[in-house]
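Working notes, structure below.
Whatever order the structure lists them in is the order used to number ligands and atoms, beginning at 1.
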Amino acid sequence: MSTAERETPLLRLEGAEVHFRAREKLFRTTIVRALDGVDVSLNQGEALALVGESGSGKTTLGRVSLRLLEPTGGRVYFDGEDITALSDGRLKPFRKRAQGVFQDPFTSLDSYMTIRQIVEEPLIIHKIGRGNERRERVEWALDEVRMRPAGDFLDRYPHMLSGGQRQRVGIARALVLTPEYILADEPVSMIDASSRAEILTLLNELQERHRIAYLYITHDIATARHFAPRTAVMYLGRIVEEGPTKELIADPLHPYTQGLLAAVPEPDPANRLQERDVLPGEPPSPAQVPTGCRFHPRCPAFMDGLCDVADPVPVEIDGGDGGTGRTVACHLHTDAGRERQASSGE
Ligand SMILES: Nc1ncnc2c1ncn2[C@@H]1O[C@H](COP(=O)(O)OP(=O)(O)OP(=O)(O)O)[C@@H](O)[C@H]1O
Ligand SMILES: [Mg+2]
């Protein structure tokens, strides 16, 4: 084991669970299992992509990782500290170290505030610097996101900017606190196709320059390749496969990952994976999670009497070189499933 593997992860979710109570009829409630037992960890400076269809629980996981949402089960650790149930007051030091960049740069910025006020606000909340010092930090952050010269943007309002520029402001606002962790939840999906690559490149550069750990949420498994060395695939509130992005894309192990990749039409970034292109079969509902393996009703490799009965535990896959850091939760790779395949093959 290398030192990197032994270090305390910056962020760790253990068995994280978010079950929402949704009212169906007047006296009937259903439980929506948006997050249903997720283990994931992120080392300092590491980027992890999180992919999966709409409704698979990506944003819920992201919100838990920022403790914007308290999980109904499991634990959240940041830099070794259990932050699962900390009060808002006690979360303040964490809030300074962990920031989010969200999908919609049009609603996430207050339209009555100038760019300077927007980027300065976190400094005021966390009582960092004063007067000139704050102004310098704001200009530094704008410069970092390449809004140059920063002075030209300070007194403008969000509506005077393009979508791409607004998202840069959103990134500057996150960056101004020099966080160690940034959740980027589909940061380019609502931006003009023409500026998407630039924003992703910017996020990439910032990550390397400041050694920020990223959780990068995306529908587009293909962009993960350029962005994150490691990828986790979510299905109905669970991580079903995780591993080095290149290997995961070149040789997906889970039939769901295989389906996701098959649904990616072409390398043209303008029209890559959209949710409507995803796998055939019933769109899954976290209010009615299937028995056994939750993917079994849509799975081309379904094994009767096994996949519909037993929930597959994640298995580590040895690449033959002493482990590749890949895991998959699928009966094609469990002992029970392998026995079944061997006996049906005879
Ligand atoms: N507050 C809530 N109450 C009830 N159900 C919720 C709530 N928030 C989310 N959900 C449900 O939880 C599931 C997971 O939602 P989530 O937003 O995490 O998915 P997602 O993977 O981010 O999807 P998308 O790709 O569309 O953003 C969905 O079925 C959603 O409807
Ligand atoms: Mg989402």
Side-chain angles (χ1 to χ4, degrees), residues 11 13 15-40 48-74 76 99-108 167 170 174 182-191 196 199-200 203 214-224 227-228 231-242 254 256-257 259-261 263-264 271-279 281-290 294-295 297-298 329:
L11 174 73
L13 269 58
E17 204 177 86
V18 174
H19 290 181
F20 293 110
R21 280 178 173 279
R23 176 162 291 183
E24 213 175 49
K25 298 206 179 95
L26 197 52
F27 298 109
R28 244 183 79 153
T29 55
T30 44
I31 305 291
V32 178
R33 288 148 72 180
L35 210 61
D36 207 22
V38 163
D39 293 320
V40 74
L48 173 71
L50 193 63
V51 302
E53 284 169 293
S54 187
S56 57
K58 304 180 298 295
T59 293
T60 305
L61 191 161
R63 290 176 65 206
V64 166
S65 77
L66 286 180
R67 262 309 317 276
L68 298 173
L69 189 64
E70 186 176 333
T72 52
V76 187
Q99 290 288 309
V101 173
F102 301 97
Q103 184 170 18
D104 185 354
F106 297 89
T107 59
S108 60
Q167 193 59 298
I182 289 182
L183 163 73
D185 189 349
E186 308 212 38
V188 296
S189 61
M190 293 184 74
I191 292 173
R196 281 183 195 163
I199 299 279
L200 287 177
L203 285 169
Y214 273 93
L215 186 63
Y216 170 62
I217 294 179
T218 179
H219 273 110
D220 183 353
I221 198 166
T223 63
F227 199 76
T231 292
V233 180
M234 279 194 91
Y235 189 76
L236 271 189
R238 285 267 179 87
I239 290 175
V240 295
E241 174 164 3
E242 191 186 325
H254 198 288
Y256 175 62
T257 316
L260 273 185
L261 282 159
V264 178
N271 53 25
R272 280 203 203 112
L273 182 59
Q274 297 294 324
E275 53 201 271
R276 63 174 181 280
D277 298 326
V278 168
L279 309 173
E282 284 285 298
S285 163
Q288 283 170 319
V289 175
R294 52 197 65 205
F295 185 58
R298 299 169 82 189

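Looking only at distances, a side-chain donor or acceptor of Thr72 sits under 3.5 Å from a matching main-chain atom of His19. Side-chain N or O atoms of Gln167 include none that pairs as donor or acceptor with a backbone N or O of Asp104 at under 3.5 Å.
For ligand 1, none of its N or O atoms has an N or O atom of Phe20 under 3.5 Å away. Taking only nitrogen or oxygen atoms, main chain and side chain alike, Gly57 reaches within less than 3.5 Å of ligand 1.
Of the candidates Asp185, Ile217, Leu236, Thr60, Thr60 brings a heavy atom nearest to atom 15 (O) of ligand 1.
For the Mg ion (ligand 2), the set of nearby N, O or S atoms under 2.8 Å includes none belonging to Gln103.
Contact between Arg21 and ligand 1 is absent, with no heavy atom of the residue lying under 4.0 Å from the ligand.
With a 4.0 Å heavy-atom cut-off, ligand 1 is reached by the backbone of Glu53 but not by any atom from C-beta on. At a heavy-atom distance under 4.0 Å, only side-chain atoms of Pro286, from C-beta outward, approach ligand 1.
Each of the atoms 17 (O), 18 (O), 20 (P), 22 (O), 27 (O) of ligand 1 lies under 4.0 Å from some heavy atom of Thr59. Ligand 1 places these atoms under 4.0 Å from at least one heavy atom of Glu186: 25 (O), 27 (O). Within the listing of ligand 1, atoms 25 (O) sit less than 4.0 angstrom from a heavy atom of His219. Listed by number with element, the atoms of ligand 1 under 4.0 angstrom from any heavy atom of Ser56 are 19 (O), 21 (O).
Taking CD of Glu70 as the reference point, atom CZ of Arg63 lies at 12.5 Å (rounded to 0.5 Å). One distance of note links NZ of Lys58 with OH of Tyr216; it measures 11.5 Å at 0.5 Å rounding.
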Kindly determine whether Thr231 and Glu242 satisfy side chain to side chain contact (heavy atoms under 4.5 Å, CB included), including the steps that lead there.
CA-CA 6 Å; Thr231 292; Glu242 191 186 325; over 6 Å; no
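The two residues Ile191 and Arg196 have their closest heavy-atom pair at O-NE, 3.1 Å.
The ring of Phe295 has its center closer than 6.0 angstrom to the ring center of His254.
Side-chain contact between Phe20 and Leu69 is present, with at least one heavy-atom pair separated by less than 4.5 Å.
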